[in-house]
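The sequence lines fix the lettering, A, B, ..., with proteins before strands; numbering per chain opens at 1.
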Amino acid sequence: MEDPSSRTAHDGPPGQVARGGSDSETDVTREIKTHFRVCRFIMESGVKLGMRSVPVATACELYHRFFECVSLRVYEPYLVAMSCVYLAGKVEEQHLRTRDIINVSHRYFHNASAPLECDREFWELRDSVVQCELLILRQLDFHVSFRHPHKYLLHYLMSVKALVNRHAWTRTPVAETAWALLRDCYHGVMCIHHAPQHIAIATLYLALNSYGVEMPVGEREWWQVLCEDVTKEDINAVISDLLQLYDMEAKCV
Amino acid sequence: MDRDLLRQCLTHHGESLFNTLQCEQTENPDFQAVASDLAKATYERRGAGEGCSLVEQFIARKADILFCPTWRTAVPREDELEDEEATEPYAIMPPAELFMEVPFEERRAMLYRDLERGDAVVGRINNIREYGFFLTLLCAAGGLRRDIEDLELSALCHIKEIPSTGSHDDPLSYYQIGDLIRGGVKDLDRYQEKITVSLLPASLCPRLAHIKLGVVAREELPKHYSRGLRVANDTRETYERILRGCHGYHNPSVVEYLLGRAGVSDDRPPSLMRGLQSKHFHEEDFATVIRKKQSASWALKCVRSGVDHFKHGRHVEAMNEYNKALEIDTNNVEALVARGALYANKGGMMKAISDFELGLETCPDHRNAKKYLCQTLVERGKQLQEQEKFVTAEGLYRRALSLDDSYPEAQAALRRITDTIQKSIRLREEATAKETEKAKSGKTSAQKLRKILKDEKRMKKKRKRSSSSSSSSSSSSERPSLSPTSTTSSRRRSKKRRRKRGGSERGSQRRRRRSSKRSEEEEEEEEYPAPPNTSASFLYRQGFLGSGAGRGEGGEEGGEEEEEVVVDDRRISQLYSLSAASEDEGSEPRGGDGEGRRGRSFSSHGKGGRRRSRRGSSSESSAAREQGKARRRSGEGRRRSRGRSREEGRSSEEGRGRSREEGRRRSRGRSSEEGRSRGRSREEGRRRSRGRSSEEGRSSEEGRSSEEGRGRSREEGRRRSRGRSREEGRSSEEGRGRSREEGRSRGRSREDGRRRSTDEGRRRRKASPSSVESQRSRKSTVAAERPPACRRSSSGSLGQPAPPLAPPRRTSLDGGRLGHSQGHIPYIP
């Protein structure tokens with residue numbers, strides 16, 4: 001099932017090769033780091049391609065789910081990432097052109113290089129992206145649409161906003177922070193391991209907490225209301241996962 | 001760093017966060033600036049605290065982002081849209097405190113804290129007094145979404161705040177206990193906990209202004225309230241269940257919508273990751289930019305291979321490559337210039353010009369584009385001149401000079417054409433003088449006109465003395481132009497003519513050499529200084545007079561030229577390429593006389609092609625005479641339409657050169673499109689056949705008219721135009737007398753006047769007996785036919801601020817297109 005062109009077409013991402021020198025690093029952490037970098041690549045490409053947040057999230061989730069099933073050694077992660085971006089564009093109905101994806105990726109790998117010529121290399125790259133897309137589809141059994149926390153988060157934001165004094169709310173950038181946290185959490189596999197509602201609540205919780213926004217307290221907490229089955233432990237678990245990702249950034253990049 | 005925000009955060013998290021902050025942000029000068037300030041206060045932890053150290057560490061580390069003033073990018077869209085309730089683009093949820101079961105006192109305090117003047121509330125009337133009524137508030141209807149039904153809030157609506165519907169009644173009589181009322185919060189006493197509402201629309205804040213106040217039905221109550229009722233009645237309802245049940249939750253674009261409402265940008269998404277800060281994204285890394293670059297380089301590749309094809313004479317392949325390049329990258333300068341060059345080689349002057357212009361638009365400093373455009377413009381101008389479209393030709397020369405003011409060929413051509421124009425102005429002026437004398441009787445404005453004409457003459461003499469050089473630049477913005485006809489009539493007429501035109505120009509081509517020769521002779525004979533502004537659309541009338549003598553020669557010349565052209569073709573295709581090789585050849589000054597020389601310039605190829613194609617249809621020299629005559633008529637029609645288009649063009653522009661260029665550019669798209677879309681060969685065939693048939697028709701017609709003498713047909717035309725132009729004369733005079741103001745308004749007013757007078761003229765034309773008419777008209781031929789343009793031009797020289805000249809935009813278009821379809825029957829080697 002391996003895509004023959006996946007290895008040949010790719011030309012070594014910048015960070016990937018250098019790492020892994022120290023013996024103390026286990027395979028697992030190395031893999032996590034690789035995934036972090038590849039997801040960073042997806043997100044950067046997403047911005048450069050003008051992708052919205054949800055397609056980017058889908059791309060990351062596709063990527064993570066793909067590598068849940070297969071080993072990192074078998075498939076070239078960056079090629080998979082490119083195909084994930086392409087596929088996510090289709091899934092979320094923000095169609096992206098392979099040419100743009102290849103261009104952006106090429107420039108990502110070869111910093112400040114001239115755009116590709118319209119020659120064999122380009123067409124080979126394109127072929128491998130398309131092939132790899134089919135591979136991902138088969139690997140995931142065509143389950144490619146996911147429920148994302150984005151929709152929940154935005155509705156929660158509206159509800160929480162109504163609880164807070166409007167001037168206090170406009171003064172405090174909770175929406176931006178929560179949105180940023182939500183986007184950032186796709187660097188890791190949390191999106192698979194946590195329920196979307198929990199992620200949404202956790203990011204909102206952390207955002208509110210970061211600015212010390214006081215919420216009214218009743219019989220139940222606001223987050224208990226928004227999602228029935230969420231517990232404080234769930235929130236803390238998500239938050240600690242999320243905070244680890246921020247620590248990871250320093251180690252990976 | 002936002003100090004207030006930081007303080008708020010510290011208040012929440014306590015001292016430990018402050019210490020962590022000081023550790024983490026030691027190197028941040030922003031934090032140091034506020035640190036001392038913050039250190040003064042003591043913080044005690046209020047938030048519950050297990051596992052908080054990690055969060056605190058996170059806050060401390062990201063404090064520079066979190067508390068940066070630029071982090072708060074969101075400008076929340078506060079305005080509640082009118083149809084939001086109805087269409088529900090997102091799930092409108094009942095207030096969360098309903099689920100949270102916040103204690104009564106706290107909710108009441110929150111409401112008094114957060115309710116504001118200008119909010120909308122809904123309440124039920126519980127008591128009516130003579131000074132107003134009291135409401136028990138049910139819910140907030142705008143600005144705030146709170147659960148307030150059980151808060152026992154009472155609000156007073158004073159009688160003064162109720163809009164009276166009629167003078168006869170007590171406004172309160174409309175309201176009953178139990179009515180649901182929507183009102184705006186007029187005043188709020190937070191200490192006494194008193195709320196007053198108003199039913200006057202002014203009480204609402206502007207963003208809620210669309211809300212209607214007064215009695216509302218139960219169904220009109222806000223959604224969040226009705227959903228809240230459902231929750232209150234059914235304890236099994238949860239937030240999530242309601243959320244999923246909402247129509248708006250399933251809106252596929254709910255994320256975009258709510259992001260917009262929250263004001264968060266998804267194009268430059270926020271991130272707390274250091275590497276994803278938007279400052280790290282460079283514009284040139286974005287997909288659109290790379291794509292553009294790539295397209296340009298791919299297109300260039302195509303152009304290169306196209307040029308290669310071109311050099312080897314494979315013109316079709318070259319054209320294909322150029323078109324491919326332009327498909328990949330529209331507005332690729334190189335491709336446009338190359339294709340323009342190819343067009344020019346093939347005789348498609350207008351297409352070539354349009355390509356060059358487009359190229360220059362995107363890259364104003366492109367050397368080759370400029371150079372080729374100059375050459376093509378001059379070449380096209382010569383063609384037009386030969387067709388006696390002097391104004392258009394002059395415009396082209398000026399345009400060429402505006403690109404390259406040292407281009408000798410354009411200078412020479414312009415000088416020549418100005419002289420020609422100048423000369424005929426003089427002729428016309430004399431004639432007009434006679435005409436005015438005639439017209440003087442009975443007309444009040446005639447005296448004025450005469451006076452002005454005298455002035456003009458005087459000025460002219462002065463000018464003659466003072467300056468002999470006509471500066472082309474000064475004229476550009478000051479030339480008024482009038483259309484010699486009203487739009488409606490000319491349209492009709494020009495339509496008729498259009499059919500004839502096809503063949504008639506062919507005749508003129510034969511004569512054109514002769515006529516240009518003649519104009520040169522005149523140039524030598526008379527040393528009149530050219531007026532700075534010589535927009536003389538009428539001038540080919542003069543031209544055809546001159547051309548009459550040389551008519552016979554036309555046929556023979558045509559034969560000679562053909563041979564030449566074949567030779568030229570070969571040479572030119574070598575010379576004119578993208579390489580700079582053609583530079584010297586092209587810029588070589590070429591006199592209008594030398595045929596061999598003319599052949600040298602790159603675009604004479606096109607002319608040659610045209611001539612050659614003519615070969616099939618007309619070779620008998622006898623036909624030339626008739627054509628010449630018919631041409632005159634059609635020329636008239638053309639002039640009329642040109643005048644009209646000029647009038648159109650004038651209205652908006654100041655700089656003549658610029659606007660003309662614009663006009664051309666605008667029109668270019670149309671014409672080139674047409675040309676491309678139609679099958680080329682088919683078009684050609686049609687054109688040829690059309691030309692031939694109309695030629696025949698005309699010659700028979702002319703046979704008749706020639707019995708009566710040439711003068712008659714001219715007279716006919718004269719009769720048609722005379723009334724009009726005389727009226728114009730008056731109206732222009734009117735305009736002149738009236739206005740010393742700036743050009744635009746003046747032009748407009750004159751135009752109005754003209755329109756009025758044209759109608760008048762038409763009427764009179766109908767009424768007057770033809771015998772008188774013809775007699776009169778014979779004398780005033782020249783004068784009458786002289787379009788107001790020349791008069792105006794001389795008036796411009798009086799030092800009046802003339803209205804900005806309407807660059808003959810359409811003119812160039814019309815002329816160009818016609819000329820093109822006529823002259824440039826695609827040359828097939």
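Using a 4.5 Å cut-off between heavy atoms, B:Glu284 contacts chain A through both its backbone and its side chain. Of the atoms belonging to B:Arg107, not a single heavy atom falls under 4.5 Å from chain A. The contact between A:Leu206 and chain B is made entirely by side chain atoms (from C-beta outward), counting heavy-atom distances below 4.5 Å. With a threshold of 4.5 angstrom between heavy atoms, B:Leu115 approaches chain A through N, CA, C or O but not through any side-chain atom. Contact annotation for A:Leu245: both backbone and side-chain heavy atoms come within less than 4.5 Å of a heavy atom of chain B. Neither the backbone nor the side chain of B:Leu98 has a heavy atom closer than 4.5 Å to any heavy atom of chain A. For B:Met273, the parts sitting under 4.5 Å from any heavy atom of chain A are the backbone and the side chain alike. Heavy atoms of A:Tyr156 lying under 4.5 Å from chain B belong to its backbone as well as its side chain. When heavy atoms are compared at a cutoff of 4.5 Å, A:Val164 approaches chain B solely by way of its backbone atoms N, CA, C and O. Heavy atoms closer than 4.5 Å to chain A are found in the side chain of B:Ile59, but not in its backbone.
Counting all heavy atoms, side chain and backbone alike, B:Val55 lies closest to A:Ile239 at CG2-CG2, 4.2 Å. Nearest heavy atoms, A:Ala180 versus B:Leu272: CB-N, 4.0 Å. Across all their heavy atoms, B:Val255 and A:Val54 have their closest contact at CG1-CG2, 3.9 Å. Taking both residues in full, the closest heavy atoms of A:Glu44 and B:Gly275 are given as OE2-O, 4.3 Å, listed atom of the first, atom of the second, then distance. Across B:Phe58 and A:Leu181, no two heavy atoms sit closer than the pair CZ-CD2, 3.8 Å. Scanning both residues, B:Val102 and A:Val217, for their nearest heavy atoms gives CG1-O, 4.1 Å.
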For this session: Take B:Tyr239 and A:Cys227, measure what side-chain contact (heavy atoms from CB on, under 4.5 Å) needs, and give me the verdict at the end.
Result: CA-CA 7 Å; B:Tyr239 185 92; A:Cys227 179; over 6 Å; no

For this session: Could you check A:Leu226 against B:Glu240 for side-chain contact (heavy atoms from CB on, under 4.5 Å), going step by step and ending with a plain yes or no?
Result: CA-CA 6 Å; A:Leu226 299 180; B:Glu240 188 151 12; over 6 Å; no

Problem set entry | Stepwise side-chain contact (heavy atoms from CB on, under 4.5 Å) test for A:Glu176 and B:Ile65 | CA-CA 11 Å; A:Glu176 293 91 328; B:Ile65 301 173; over 6 Å; no

For this session: Check step by step if side-chain contact (heavy atoms from CB on, under 4.5 Å) holds for A:Leu49 and B:Phe286.
Result: CA-CA 6 Å; A:Leu49 287 164; B:Phe286 277 70; over 6 Å; no

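Annotation: side chain of A:Glu214 is not in contact with side chain of B:Gln8 (no heavy-atom distance under 4.5 Å). Side chains of B:Pro270 and A:Thr177 form no contact here, defined as non-hydrogen atoms less than 4.5 Å apart. Residues A:Leu154 and B:Val254 are not in side-chain contact: their nearest non-hydrogen atoms beyond the backbone lie 4.5 Å or more apart. For the pair A:Asn209 and B:His12, the minimum side-chain heavy-atom distance is below 4.5 Å.
Ranked by heavy-atom pairs shorter than 4.5 Å toward chain B, the options A:Ser53, A:Gly218, A:Ala250, A:Pro173 are led by A:Pro173. Ranked by non-hydrogen atom pairs under 4.5 Å with chain A, the options B:Leu66, B:Thr238, B:Val289, B:Asp267 are led by B:Leu66. In terms of heavy-atom pairs under 4.5 Å with chain B, the best-connected choice from A:Ala168, A:Pro216, A:Ser240 is A:Pro216. Counting heavy-atom pairs under 4.5 Å between each of B:Arg268, B:Lys62, B:Met93 and chain A puts B:Lys62 at the top. Between chain B and the residues A:Gln197, A:Gln224, A:His150, the largest count of heavy-atom pairs under 4.5 Å involves A:Gln197. Listed options A:Ala162, A:Ser210, A:Ser159, A:Gly50 were ranked by heavy-atom pairs under 4.5 angstrom with chain B; first place goes to A:Ser210. Counting heavy-atom pairs under 4.5 Å between each of B:Arg244, B:His282, B:Lys301 and chain A puts B:Arg244 at the top.
With salt bridges taken as basic N to acidic carboxylate O contacts below 4.0 Å, none links A:Glu228 and B:Arg241. Under the 4.0 Å criterion applied to side-chain N and carboxylate O atoms, B:Asp119 and A:Arg166 are assigned as salt-bridge partners. Salt bridge absent: B:Arg274 and A:Glu249 never bring a charged side-chain N and a carboxylate O closer than 4.0 Å. A salt bridge links A:Arg107 and B:Asp285; the closest N-O separation between the charged side-chain nitrogens and carboxylate oxygens is under 4.0 Å.
Judged by the 6.0 Å distance and 45° axis criteria, A:Lys151 is positioned over the aromatic ring of B:Tyr249.
In this structure a side-chain-to-backbone donor-acceptor pair under 3.5 Å is present from B:Arg146 to A:Leu163. Checking side-chain atoms of A:His155 against main-chain N and O of B:Ile92 turns up no donor-acceptor pair under 3.5 Å. In this structure a side-chain-to-backbone donor-acceptor pair under 3.5 Å is missing from A:Asp184 to B:Ser271. A donor-acceptor pair is defined here as one N or O able to donate and one able to accept, closer than 3.5 Å; such a pair exists between the side chain of B:Gln294 and the backbone of A:Leu116. Looking only at distances, no side-chain donor or acceptor of B:Asp266 sits under 3.5 Å from a matching main-chain atom of A:Arg52.
Within 6.0 Å of the NE2 atom in B:His280, the count of heavy atoms belonging to other residues, nucleotides or ligands exceeds 12. At most 12 heavy atoms of other shown residues, nucleotides or ligands fall within 6.0 angstrom of atom NZ in B:Lys292. In this structure, A:Asn111 places its CG atom where only 12 or fewer heavy-atom neighbours from other residues, nucleotides or ligands lie under 6.0 Å away. Taking a 6.0 Å sphere around CZ of A:Arg220, one finds it holds more than 12 heavy atoms contributed by other residues, nucleotides or ligands.
Rounding to the nearest 0.5 angstrom, the gap separating the CE atom in B:Met100 from the CD atom in A:Glu221 is 7.0 Å. Here the straight-line distance linking atom CG of B:Leu258 with atom CG of A:Leu153 works out to 10.0 Å at 0.5 Å rounding. With values rounded to the nearest 0.5 angstrom, A:Gln94 atom CD is found 8.0 Å from B:Glu256 atom CD. B:Glu283 CD to A:Lys48 NZ: the interatomic distance, rounded to the nearest 0.5 Å, is 11.5 Å. With rounding to the nearest 0.5 angstrom, the CZ atom of B:Phe67 is 6.0 Å from the OH atom of A:Tyr211.
Judged purely by distance below 3.5 Å, without hydrogens or angles, the side chains of A:His167 and B:Asp114 never pair a donor atom with an acceptor atom. Between A:Arg99 and B:Ser295, the side chains place a donor N or O and an acceptor N or O closer than 3.5 Å (distance only, hydrogens not considered).
Looking at residues two or more places apart in sequence or on another chain, you find no salt bridge (charged side-chain N to carboxylate O under 4.0 Å, His left out) involving B:Glu106. Evaluation of the side-chain contact (heavy atoms from CB on, under 4.5 Å) rule for B:Ser297 yields A:Glu117 as partners, not counting sequence neighbours.
Aromatic ring centres of A:Phe122 and B:Trp298: separated by under 6.0 Å.
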